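Notes follow the structure.
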Amino acid sequence: QVQLVESGGGLVQAGGSLRLSCAASGRSFSRNAMGWFRQAPGKEREFVATISWSGGSTAYADSVKGRFTISRDNAKNTVYLQMNSLKPEETAVYYCAASNSIVVVTTGPKYDYWGQGTQVTVSS
């Protein structure tokens with residue numbers, strides 16, 4: 001059974017940092033693009049960051065550029081999202097996703113596997 005399990009969420013003050021992890025099991029995702037999305041209460045899910053299968057290419061939402069960094073460790077079948085300078089409006093459930101594409105993917109429908117999400121709450 002394929003699973004993506006996010007961890008690392010929690011409560012942080014504005015300006016603080018968190019590092020999210022997404023561990024995959026059931027199959028290797030070393031040849032898959034991976035991504036992070038988030039969904040705030042009452043809002044639609046939005047793209048945050050994506051990384052190609054090799055890690056050589058990344059893409060970010062404009063709102064997080066320069067503050068968030070996506071990375072991966074294919075040996076551990078894990079993808080990470082380092083989030084710095086967090087803002088209260090970034091409070092959301094953060095989801096990890098895997099695509100059957102090997103290149104970066106910025107749209108949700110092109111992802112085939114999704115985790116259950118991890119809550120990130122940024123207090124002001």
Side-chain angles (χ1 to χ4, degrees):
Q1 181 181 0
V2 175
Q3 277 192 313
L4 300 176
V5 179
E6 302 95 336
S7 62
L11 174 64
V12 64
Q13 288 188 333
S17 299
L18 282 175
R19 188 193 195 205
L20 305 183
S21 298
C22 172
S25 62
R27 56 160 283 187
S28 171
F29 286 98
S30 62
R31 294 289 180 176
N32 297 74
M34 303 289 289
W36 286 95
F37 290 75
R38 64 189 179 190
Q39 187 166 21
K43 295 188 176 181
E44 292 187 353
R45 181 181 63 195
E46 66 173 354
F47 164 75
V48 176
T50 178
I51 188 166
S52 63
W53 73 276
S54 66
S57 180
T58 58
Y60 297 90
D62 287 344
S63 60
V64 307
K65 281 180 181 177
R67 298 185 298 117
F68 289 15
T69 303
I70 188 171
S71 62
R72 67 189 298 161
D73 185 337
N74 285 341
K76 295 182 178 179
N77 222 16
T78 300
V79 65
Y80 306 96
L81 184 68
Q82 177 66 42
M83 306 186 294
N84 299 328
S85 302
L86 282 160
K87 305 174 182 180
E89 55 265 37
E90 295 180 309
T91 293
V93 177
Y94 283 69
Y95 297 92
C96 170
S99 171
N100 284 325
S101 169
I102 60 172
V103 297
V104 294
V105 180
T106 61
T107 55
K110 293 188 177 180
Y111 282 86
D112 303 281
Y113 304 94
W114 292 84
Q116 293 298 307
T118 184
Q119 177 70 46
V120 171
T121 302
V122 185
S123 64
S124 57

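Note that the coordinates shown come from a computational prediction; the quantities given were computed from them, not determined experimentally.
Enclosure of atom CZ in Arg27 by more than 12 non-hydrogen atoms of other residues, nucleotides or ligands within 6.0 angstrom is indicated.
Atom CD in Glu89 sits 9.0 Å away from atom OG in Ser63 (nearest 0.5 Å). The CG atom of Leu18 sits 9.0 Å away from atom OH of Tyr94, with the distance rounded to the nearest 0.5 Å. The CG atom of Asn100 sits 4.0 Å away from the CG atom of Asp112 when rounded to the nearest 0.5 Å. If you take OG on Ser21 and CZ on Arg72, they are separated by 13.5 Å, rounding to the nearest 0.5 Å.
In terms of heavy atoms, Tyr95 sits closest to Gln39 at CE1-CB, 4.2 Å. The minimum heavy-atom distance linking Thr106 with Ala59 is given by the pair CG2-CB, 4.3 Å. Nearest heavy-atom pair across Phe68 and Glu90 is CZ-OE2, 3.6 Å. Shown here for Ile102 and Arg31, the closest heavy-atom pair between the two residues is CG2-O, 3.0 Å. Nearest heavy-atom pair, Leu4 versus Ala24, reported as atom, atom and distance to 0.1 Å: CD2-CB, 3.5 Å.
Hydrophobic clustering, with ILVMFWY side chains joined whenever heavy atoms are under 4.5 angstrom apart, keeps Tyr60 apart from Tyr80. One hydrophobic cluster holds both Leu20 and Met34 under the rule that ILVMFWY side chains link at heavy-atom gaps under 4.5 Å. When hydrophobic clusters are built by joining Ile, Leu, Val, Met, Phe, Trp and Tyr residues whose side-chain heavy atoms come closer than 4.5 Å, directly or via intermediates, Tyr111 is not grouped with Leu81. One hydrophobic cluster, built from ILVMFWY side chains closer than 4.5 Å, holds both Phe47 and Val105. No path of Ile, Leu, Val, Met, Phe, Trp and Tyr side chains, each step under 4.5 Å between heavy atoms, connects Val93 with Met83, placing them in separate hydrophobic clusters.
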Exercise answer: donor-acceptor pairs, residues 117-124 side-chain atoms, under 3.5 Å, sequence neighbours excluded:
unit_1: Thr118; atom_1: OG1; unit_2: Gly9; atom_2: N; d: 3.3
unit_1: Gln119; atom_1: NE2; unit_2: Ala92; atom_2: O; d: 3.4
unit_1: Gln119; atom_1: NE2; unit_2: Thr121; atom_2: OG1; d: 3.4

Subject >> Derivation of the side-chain contact (heavy atoms from CB on, under 4.5 Å) call for Phe29 and Val79 >> reply: CA-CA 10 Å; Phe29 286 98; Val79 65; over 6 Å; no
Subject >> side-chain hydrogen bond (donor to acceptor under 3.5 Å, both in side chains) between Asn32 and Ser99, worked out >> reply: CA-CA 6 Å; Asn32 297 74; Ser99 171; over 6 Å; no
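Not a single donor-acceptor pair under 3.5 Å links the side chain of Asn74 to the backbone N or O of Ser54. In this structure, the side chain of Arg67 engages the main chain of Ser85 through a donor-acceptor pair within 3.5 Å. No donor-acceptor distance shorter than 3.5 angstrom exists from the side chain of Ser30 to the backbone of Ser28, with no hydrogens or angles considered. For the pair Thr107 (side chain) and Pro109 (backbone), a donor-acceptor distance under 3.5 Å is absent.
Contact of the Lys110 side chain with the Thr50 side chain is not registered, since no non-hydrogen atoms from C-beta on lie closer than 4.5 Å. Counting heavy atoms from C-beta outward, Trp36 and Glu6 have side chains that approach closer than 4.5 Å.
Under the disulfide bond (SG atoms under 2.5 Å apart) criterion, the residue pairs touching residues 54-124 are Cys22-Cys96, with sequence neighbours excluded.
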